[in-house]
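One structure below.
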Amino acid sequence: MIELTELTKRYGRDSRGHLAVDHVSFTARPGRVTGFLGPNGAGKSTSLRILTGLTPPTSGTATILGRRYRDLPNPGREVGVLLDASAQHVGRTGREILRVAAQTMRLPGGRVQEMLDLVGLTEAESARRVRDYSLGMRQRLGLAAALLGDPAVLVLDEPANGLDPAGIRWMRDLLRDYARRGGTVLLSSHLLHEIEVVADDIVVIGQGRIVAGGTKEELLADERTFVRATDSVALAAALLADGHSTEPVADGLCTDADLATTGQVAHRARLPLVELRRADGAGLEEMFLRLTADTQRETTHPTSGEGAAA
Amino acid sequence: MTTSTISPASARPGVGDVYSDRPAPSTIGFDRVVGVELRKMFDTRSGWWLMAAVVILSVLASGAVMLWGSDAGVHYSDFGQAVGIPMAVILPVIAILSVTSEWSQRTGLATFTLVPHRGRVIAAKLVDVVAVGVLGMLVAFAIGALGTVLAGAAHGVTPTWDVGLDQFASIIVGNVLGVLVGFTIGVLLRNSAGALVTYLVYAYVLAGVTFALAAAQTWFADLEPWIDFNLTQGNLFTGFPDTGEAWAQLGVSGLIWLVLPLAFGLVRVGRAEVK
Ligand SMILES: Nc1ncnc2c1ncn2[C@@H]1O[C@H](COP(=O)(O)OP(=O)(O)OP(=O)(O)O)[C@@H](O)[C@H]1O
Ligand SMILES: [Mg+2]
């Protein structure tokens with residue numbers, strides 16, 4: 001169980017300082033994967049750093065299993081944290097990094113090998129220095145470190161970063177299985193799809209504020225219809241003439257007409273359809289795109305390019 | 001206020017509770033943190049070479065004395081002094097890097113999430129660098145003694161063992177204080193390159209400047225022993241202070257250059273963001 005209550009972080013001293021996190025409150029529950037979704041610079045990493053005691057908040061509280069992070073007697077045994085897989089001494093071997101962590105947490109030595117096996121790092125790879133690790137290998141090592149103490153709670157910042165498709169699939173299964181056994185998983189991402197496929201609950205943050213939250217079903221539910229035709233403009237006109245509202249979404253349209261009506265309108269207008277389905281998720285996607293666009297417009301520094309590459 | 005409402009985890013079929021009601025683990029003891037931090041001083045390639053450098057430089061210094069030392073007999077003090085010079089550089093560097101690598105190499109993210117009490121981690125590092133400092137000096141002295149014996153045998157003379165126990169002790173204390181200066185600079189700057197340069201400037205450039213100033217200005221020459229820690233610390237290499245005033249000067253200058261900056265640095269470490 002993770003609880004954030006009115007968490008606020010202001011960078012810079014005076015009131016004109018930058019509000020990176022603005023009265024953020026949400027709960028991540030045991031038995032569920034909670035996705036923390038937001039565009040670049042929304043405040044995800046800052047929130048997670050405050051949660052794990054690395055950044056002091058301006059106000060508000062964050063607790064894990066009912067305690068402030070710093071009050072956990074042996075945090076690694078209760079909370080697995082992966083905030084930045086590249087934050088390791090490049091001159092240390094992967095295995096040694098896990099050994100140091102295991103020694104700190106007072107774990108038996110065999111645990112290190114178990115975790116290396118779990119994340120698929122070979123004997124030879126584990127003996128290599130982190131300087132010579134690929135991005136995905138660092139990410140796997142970071143996951144191994146987070147899982148090392150068999151914690152009840154996982155806090156992961158963009159864990160899919162750098163993993164190949166098989167690795168992403170493996171991680172999703174691992175997290176889902178983890179939650180099924182009663183664990184609490186909080187993971188962040190700036191990719192809607194990433195969150196959509198793995199999360200049970202979704203919290204959306206934009207410019208430091210929570211803008212939406214709920215179960216995935218609630219957030220994705222959309223009674224409207226998504227339709228794609230070879231000639232979108234003509235189809236929009238036809239739907240409009242029939243008294244339905246339309247809105248362009250991605251390369252198609254969202255309309256409040258139901259599936260059958262939409263099909264009939266297209267048929268009467270002699271417009272061939274490419275796709276016709278319930279608009280589930282389109283609402284969230286729209287909102288997220290709007291959020292991303294807003295941020296991009298208001299950001300003076302070039303943060304927009306980074307996300308797409310990651 | 002922005003609050004999200006998330007419905008509670010419904011009793012889904014197949015949901016386990018492996019993690020509920022587990023007993024809280026016991027606290028991580030200080031001795032464990034000391035052990036882990038000591039390990040981290042050795043387990044990187046650069047760390048290992050720094051430790052090896054203690055031995056290598058002592059051997060080189062002893063060798064230099066054997067080759068180019070004075071012909072007037074073989075004195076252990078020559079060897080003791082020679083091995084002490086590289087130690088005065090290398091041991092503080094070890095101390096600096098033990099602190100700054102947490103920030104410069106960003107290992108702090110892992111360190112401070114596993115042990116969220118930064119003061120405890122820094123205190124453990126302090127114990128370790130002092131221990132390494134003392135042990136490093138003992139190793140250097142031992143290598144110097146070996147050099148003395150070898151030089152005596154080579155020249156066919158009986159070596160003179162002209163370093164007393166109290167002088168050993170004062171040299172070790174002097175070096176440990178140097179280690180603490182490095183440690184303090186590390187805690188203050190939390191950046192490897194910056195701290196290394198600052199230490200070198202402090203120990204060599206500043207020492208030169210105060211020496212020149214004291215030679216030119218009598219008022220500064222009188223004041224210097226109270227405020228120049230380089231001077232009071234350096235005096236320890238020839239023995240402990242022999243007057244109460246000299247002790248007081250060591251204390252006052254140490255307060256200015258060591259205790260106050262370290263306290264200030266520790267407060268800032270506690271508040272700093274780790275990222
Ligand atoms: N030390 C700092 N000083 C000033 N501003 C900061 C500082 N740290 C973070 N910020 C700002 O806080 C905001 C939130 O940053 P954060 O890293 O939390 O975003 P994020 O949601 O993790 O983004 P991304 O998806 O790109 O990782 C950004 O605008 C960032 O520039
Ligand atoms: Mg981030």
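The chains referred to below are lettered A, B, ... by the order of the sequence lines, with proteins before strands, and numbering in each begins at 1. Note that these values count all heavy atoms, side chains included, but never hydrogens, waters or copies made by symmetry.
- In this structure, the portion of A:Arg49 lying under 4.5 Å from any heavy atom of chain B is its side chain and not its backbone.
- With a threshold of 4.5 angstrom between heavy atoms, A:Ala101 approaches chain B through its backbone and through its side chain.
- Pairing each heavy atom of A:Ala152 with each of B:Tyr19, the nearest pair is CB-CB, 3.5 Å.
- At a 4.5 Å heavy-atom cutoff, the contact between B:Arg271 and chain A is made by backbone atoms alone.
- Atom CZ of B:Phe264 sits in a sparse spot, with 12 or fewer heavy atoms from other residues, nucleotides or ligands closer than 6.0 Å.
- For the pair B:Phe112 and A:Thr52, the minimum side-chain heavy-atom distance is 4.5 Å or more.
- Rounded to the nearest 0.5 angstrom, B:Glu37 CD and A:Thr104 OG1 are separated by 7.5 Å.
- In this structure, B:Trp257 places its CH2 atom where only 12 or fewer heavy-atom neighbours from other residues, nucleotides or ligands lie under 6.0 Å away.
- Note on A:Asp84, A:Leu82, A:Leu83: by heavy-atom pairs under 4.5 Å with chain B, the leading option is A:Asp84.
- With sequence neighbours excluded, no residue forms a salt bridge (Lys or Arg N to Asp or Glu O under 4.0 Å) with B:Asp128.
- Proximity to chain A involves both the backbone and the side chain of B:Val36, based on heavy atoms less than 4.5 angstrom apart.
- When each of B:Lys40, B:Arg32, B:Arg39 is tested with A:Gln103 by the rule side-chain hydrogen bond (donor to acceptor under 3.5 Å, both in side chains), just one qualifies, namely B:Arg39.
- In terms of heavy-atom proximity, B:Pro25 sits nearest to A:Pro73 at O-CG, 3.2 Å.
- Here the side chains of A:Arg106 and B:Ser26 are in contact, with some heavy-atom distance below 4.5 Å.
- Put simply, of A:Val100, A:Val153, A:Leu65, the one with the most heavy-atom pairs under 4.5 Å next to chain B is A:Val100.
- Residue A:Arg67 touches chain B through its side chain alone, counting heavy-atom pairs closer than 4.5 Å.
- Counting heavy-atom neighbours within 6.0 Å of B:Arg45 CZ, excluding the residue itself, gives a total of 12 or less.
- When the options B:Ile28, B:Val115, B:Leu114 are evaluated for a side-chain contact (heavy atoms from CB on, under 4.5 Å) with A:Asn74, the one that passes is B:Ile28.
- Tested against B:Thr113, the residues A:Val79, A:Leu54, A:Leu72 include a single side-chain contact (heavy atoms from CB on, under 4.5 Å) partner, A:Leu54.
- Residues of residues 89-99 of chain A lying under 4.5 angstrom from chain B, judged on non-hydrogen atoms, are A:His89, A:Val90, A:Gly91, A:Arg92, A:Glu96, A:Arg99 in numerical order.
- At a 4.5 Å heavy-atom cutoff, A:Asp71 makes no contact with chain B through either its backbone or its side chain.
- Heavy atoms of B:Ser46 lying under 4.5 Å from chain A belong exclusively to its side chain.
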